[in-house]
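To keep things clear, I will list the structure first and then write my remarks on it.
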Amino acid sequence: MSPIAHFVGSWLVAAAAVENRRDRRLVTLAGILPDLDGLGMVADVAKSLVTGQENTFAYYHKFHHLWLHGWPAALIVAAVLAGLAQQHWRVALWCLVTFHLHLLFDLLGSRGPSPADLWPICYGEPLFRHPVWFWKGQWRLDGWQNTLIFLGLFATSLGIAVKRGYSFVEVVSPRMDGVFVGVLRKWCRRGAPASSG
Ligand SMILES: [Zn+2]
C-alpha cells in the first residue's frame, strides 16, 4: 500500500487502541516508519541529477523492504517509540501491531506493473536472509484494491474525526487538526437535515 494508506490505517488502529494523543501519534508512526527504508530513492534521484547518469534506483532496491521490513526493525521501532509513550507496554504492543499490519499490506498489494514484479517480505533482514515471504496473488501497488482500501480507511477516519473531535492530522500538528476537524464538522452540519438539529 502507499505510505498515505499506511498512515491513515495505522492511525485508525491507534485511535481504537490508545487513549491519548501522544500515544496515538507513536502507534501511527510505527505503521509508517518501515517505508523510511525507501528513502534511498531520494539519493538515487539526486545522484542521477548530479552525475547525469541514468537512474537505476540502485539505493532504493538495495535498502527498500530490507532494512525496516523485518522483525529486527519491528522490535527496535516498538522499543524506541514505547520509551517515548505514556503507556509504555500498551504502546509497545500496538506499535508491533501497526508495524506488522504494514508488512501484511505490503505482502498483499505492493507489486510492480508486471505479475512477476512481486515484492517479498524478508522478515529476518537485515540480520538474517530467512524467512522470505511472498504471495503470488499480490496485487499492484497502484491497483484498484489499494484504492478501494484507502477510500474505505479514509472515509472511516473522517467519520471518527467528526464523532470524536480529532483526526489523523493530529499526528502532524494538533493545531492543524483543530482546524481540519472544525471544517469537517461544519460540512456535516450543513449536509445534515434541518430537523436533526
Ligand atoms: Zn512498506
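Indexing begins at 1, ligand by ligand and atom by atom, following the structure's order.
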Would you call the rings of W119 and H64 parallel, tilted or perpendicular if under 30° counts as parallel and over 60° as perpendicular?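 Ring orientation, 0 to 90° scale: perpendicular.
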Taking the inter-plane angle between the rings of W139 and W135 on a 0 to 90° scale, is it parallel (under 30°), tilted (30 to 60°) or perpendicular (over 60°)?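 Aromatic pair W139/W135 classed perpendicular.
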Nearest-0.5 Å distance, CE of residue M1 to CG of residue D106: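 If we round to the nearest 0.5 Å, M1:CE and D106:CG are 8.0 Å apart.
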Should side-chain heavy atoms under 4.5 Å link Ile, Leu, Val, Met, Phe, Trp and Tyr, which residues sit in the same cluster as L118?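 Members alongside L118: F134.
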Distance below 2.8 Å from the Zn ion (ligand 1): how many protein N/O/S atoms qualify?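 Every protein N, O or S atom under 2.8 Å from the Zn ion (ligand 1) counted, the figure is 4.
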Can you sort out the partners of H100 under ring pair (Phe, Tyr, Trp, His ring centres under 6.0 Å), two or more places apart, ordered by chain and number?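 Expected list: Y123.
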Ring pair (Phe, Tyr, Trp, His ring centres under 6.0 Å) partners of H6, counting only residues at least two apart: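 Once residues adjacent in sequence are excluded, the partners of H6 under the ring pair (Phe, Tyr, Trp, His ring centres under 6.0 Å) criterion are H102.
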